[in-house]
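In this chain, numbering begins with 1 at the start of the sequence shown.
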Amino acid sequence: MKFPKRYVIVLLTFVCTNVCYIERVGFSIAYTVAADAVGTNQANKGMILSMFYYGYVLSQIPGGWAAQRLGGRLVLLLSFVLWSLICAVVPLDPNKVILLILSRLLVGVSQGLIFPSIHTVLAQWVPPHERSRSVSLTTSGMYLGAACGMLLLPSLVKRMGPQSVFSVEAMLGVAWLLIWFKFASDPPRTDLPKVLSKDKMKVQAGGVVAPRTVKIPWRKIIFSLPIWAIVVNNFTFHYALYVLMNWLPTYFKLGLQLSLQDMGSSKMLPYLNMFLFSNIGGVLADHLITRKILSVTKTRKLLNTIGFVVSAIALMALPLFRTPSGAIFCSSVSLGFLALGRAGFAVNHMDVAPKFAGIVMGISNTAGTLAGIVGVGLTGRILEAAKASNMDLTSSESWRTVFFVPGYLCIFSSFIFLVFSTGEKIFE
């Protein structure tokens with residue numbers, strides 16, 4: 001049997017997100033070690049860690065536009081060339097603040113092109129009945145990448161120093177872009193002749209993005225309540241994810257007096273849980289929809305609500321557990337159910353606007369990136385304020401606000417999605 005080309009594309013986008021999140025987690029781990037060695041304070045660490053998101057937010061909507069006009073395959077190639085090159089040549093020196101700020105901004109800009117491009121590619125290649133599990137598999141690569149990074153990179157830093165992480169990330173980026181260049185191809189488009197292969201015609205029948213000359217309905221998109229429901233939930237998802245991704249190493253070190261190297265494989269469990277629950281959510285959503293157990297709208301709302309509410313409870317319980325196993329359990333439950341919720345809001349781009357999925361994803365992910373800027377930077381200020389109030393960062397009280405804020409946001413966002421979202425196509 002011939003392996004369908006769309007499966008190759010989905011698998012390659014899965015590996016793409018995997019590599020990207022190894023880079024993100026890797027920088028957080030390597031920079032934290034390097035910064036602590038020279039006595040960088042928490043507010044400055046938060047500033048450097050958040051610089052990525054300032055760059056990331058700038059390229060979300062342009063990334064969606066570029067993928068629509070130039071094709072997602074080419075935009076993904078350009079993204080990987082840029083950020084891999086930066087990782088290869090920039091030294092990780094906490095004292096070279098300007099250089100670090102510029103490099104993280106550029107890495108953010110280049111990686112900001114990735115998810116709008118991926119959604120454009122998937123909307124072109126994947127038919128509706130496979131969307132939930134395809135998007136879930138692709139995005140689960142993020143969590144598997146984070147899990148691998150948390151498991152392997154602390155030991156690499158300990159043995160070879162923080163700079164070695166940059167070298168490994170650059171090599172992974174170059175390896176992926178060469179594979180993508182060889183095996184990926186531009187998908188069929190509605191403005192191409194219909195003398196396509198059998199497999200491509202099936203995909204075209206499933207619904208692809210609009211031709212490159214079609215006018216984008218910006219006004220209708222901006223004033224659509226279902227789109228805003230997606231945007232709000234994307235903001236909250238990434239606020240919680242980025243705070244945990246960037247500050248969990250600090251929480252384990254300062255709050256629990258435990259280094260990542262001493263935690264063994266347990267430190268990867270939160271992200272491994274995300275990988276598992278993301279795919280469970282995708283398969284479950286497609287099952288509910290294809291078997292006509294629930295409508296698309298009810299399926300999206302059900303999984304989004306369960307995911308965000310359970311995640312909120314786990315987040316608010318996290319600082320109450322003063323043992324490593326308790327903290328790992330709560331963070332695993334929180335991130336796992338957040339990933340389950342992606343079968344709600346994250347696939348909804350392709351439900352409501354399959355022809356403009358990259359554009360809508362760019363708008364939505366702009367909000368998610370702003371969450372990174374706000375959440376990562378704000379957490380550093382919260383901890384500095386706690387220190388200024390003579391609070392001990394080893395106490396649960398000093399960390400309570402850090403985890404309660406995303407918890408409350410999860411409850412609020414789940415309500416917004418429950419009221420305003422839809423699974424019906426609203427953009428032709």
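Atoms CG and CG, on Leu303 and Leu288 in that order, are 6.5 Å from each other to the nearest 0.5 Å. Rounding to the nearest 0.5 Å places NZ of Lys182 at 14.0 Å from CG of Leu177. One distance of note links OG1 of Thr299 with CD1 of Ile293; it measures 8.5 Å at 0.5 Å rounding. Note that the OG atom of Ser79 and the CZ atom of Phe115 stand 10.0 Å from one another [nearest 0.5 Å]. The distance from atom OG1 of Thr120 to atom CE of Met350, rounded to the nearest 0.5 Å, is 10.5 Å. From Ile363, atom CD1 reaches atom CG of Asn365 across 11.0 Å, with rounding to the nearest 0.5 Å.
Looking at heavy atoms from C-beta onward, Leu78 lies out of side-chain contact with Ser110 at the 4.5 angstrom threshold. At least one side-chain heavy atom of Ile359 sits under 4.5 Å from a side-chain heavy atom of Trp218. With a 4.5 Å cut-off on side-chain heavy atoms, Leu144 and Tyr271 do not count as touching. Between Glu424 and Thr297, some side-chain heavy-atom pair lies under the 4.5 Å cut-off. At a threshold of 4.5 Å between non-hydrogen side-chain atoms, the residues Ser103 and Leu100 count as touching. For the pair Pro226/Ile426, a side-chain contact is recorded, criterion being any heavy-atom separation below 4.5 Å from C-beta on. No side-chain heavy atom of Asn304 sits under 4.5 Å from any side-chain heavy atom of Ser421. At least one side-chain heavy atom of Leu244 sits less than 4.5 Å from a side-chain heavy atom of Leu315.
Ile22 and Glu169 get closest at one heavy-atom pair: O-OE2, 3.4 Å. When every heavy atom of Gly112 is checked against every heavy atom of Ser59, the shortest pair comes out as CA-OG, 3.2 Å. Heavy atoms only, all atoms of each residue included: Val75 and Ser117 are closest at CG1-OG, 3.1 Å. Nearest heavy-atom pair across Gly362 and Pro116 is CA-CG, 3.9 Å. Across Gly282 and Ala343, no two heavy atoms sit closer than the pair N-CB, 4.1 Å. Between Ala353 and Val360, the shortest heavy-atom distance links the atoms CB-CG2, 3.8 Å.
Applying the salt bridge (charged side-chain N to carboxylate O under 4.0 Å, His left out) test to pairs two or more places apart or on separate chains, those with a residue in residues 101-116 are Glu23-Arg104. The side-chain hydrogen bond (donor to acceptor under 3.5 Å, both in side chains) pairs that include a residue from residues 223-232 number zero, where partners must be two or more places apart or lie in different chains. Within the structure, no pair that satisfies the salt bridge (charged side-chain N to carboxylate O under 4.0 Å, His left out) test touches residues 223-246, not counting sequence neighbours. Among pairs with a residue in residues 405-418, those fulfilling side-chain hydrogen bond (donor to acceptor under 3.5 Å, both in side chains) read Thr236-Ser413, at least two apart in sequence or across chains. The salt bridge (charged side-chain N to carboxylate O under 4.0 Å, His left out) pairs that include a residue from residues 51-63 number zero, where partners must be two or more places apart or lie in different chains. Pairs engaging residues 330-352 under the side-chain hydrogen bond (donor to acceptor under 3.5 Å, both in side chains) rule: Tyr143-Arg342, Arg300-Asp351, Ser311-Ser334, Asn348-Asp351, His349-Ser364 [sequence neighbours left out].
A donor-acceptor pair is defined here as one N or O able to donate and one able to accept, closer than 3.5 Å; such a pair exists between the side chain of Asn41 and the backbone of Asn44. In this structure, Asn234 contributes its side chain and Ile230 its backbone to no donor-acceptor pair below 3.5 Å. Between the side chain of Trp83 and the backbone N or O of Gly108, no donor-acceptor pair lies under 3.5 Å. Between the side chain of Lys301 and the backbone N or O of Leu418 there is at least one donor-acceptor pair closer than 3.5 Å. Gln163 contributes a side-chain N or O that, together with a main-chain N or O of Leu92, makes up a donor-acceptor pair within less than 3.5 Å. At distances below 3.5 Å, at least one donor-acceptor pair connects side-chain atoms of Ser140 with backbone N or O atoms of Leu137.
In terms of the salt bridge (charged side-chain N to carboxylate O under 4.0 Å, His left out) criterion, residue partners of Asp36 (sequence neighbours excluded) are, by chain and number, Lys45, Lys253. With sequence neighbours excluded, no residue forms a ring pair (Phe, Tyr, Trp, His ring centres under 6.0 Å) with Phe329. For Arg381, the salt bridge (charged side-chain N to carboxylate O under 4.0 Å, His left out) criterion is met by no residue, not counting sequence neighbours. Applying the ring pair (Phe, Tyr, Trp, His ring centres under 6.0 Å) rule to Phe345 yields the partners Phe237, Phe308; only residues at least two apart in sequence or on another chain are considered. Not a single ring pair (Phe, Tyr, Trp, His ring centres under 6.0 Å) links Trp247 to another residue, sequence neighbours left out.
Aromatic ring centroids of Phe80 and Trp176 lie under 6.0 Å apart.
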Phe420 vs Val232, side chain to side chain contact (heavy atoms under 4.5 Å, CB included): CA-CA, chis, key distance, verdict: CA-CA 11 Å; Phe420 295 111; Val232 169; over 6 Å; no
Let me see the working for Asn273 and Leu335 under side chain to side chain contact (heavy atoms under 4.5 Å, CB included), right down to the final yes or no. CA-CA 7 Å; Asn273 219 35; Leu335 289 177; 6.0 Å; no
Tell me, with the steps shown, if Leu113 and Leu76 meet side chain to side chain contact (heavy atoms under 4.5 Å, CB included). CA-CA 7 Å; Leu113 304 172; Leu76 283 172; over 6 Å; no
Given Phe417 and Thr305, is the side chain to side chain contact (heavy atoms under 4.5 Å, CB included) satisfied, shown in steps? CA-CA 8 Å; Phe417 196 82; Thr305 302; 5.8 Å; no
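Using cut-offs of 30° and 60° on the angle between ring planes, the pair Phe275 and Phe14 is tilted. Taking the six-membered ring for Trp and thresholds of 30 and 60 degrees, Trp399 and Tyr251 have ring planes more than 60 degrees apart, a perpendicular arrangement.
Other residues, nucleotides and ligands contribute at most 12 non-hydrogen atoms within 6.0 Å of the CH2 atom of Trp65.
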Donor-acceptor list for residues 46-56 side chains, cut-off 3.5 Å, not counting sequence neighbours:
unit_1 : atom_1 : unit_2 : atom_2 : d
Ser50  : OG     : Gly46  : O      : 3.0
Ser50  : OG     : Met47  : O      : 2.9
Tyr53  : OH     : Asn246 : ND2    : 2.9
Tyr56  : OH     : Arg24  : NH2    : 3.1

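Remark: the Thr138 side chain and the Thr13 side chain contain an N/O donor-acceptor pair separated by less than 3.5 Å.
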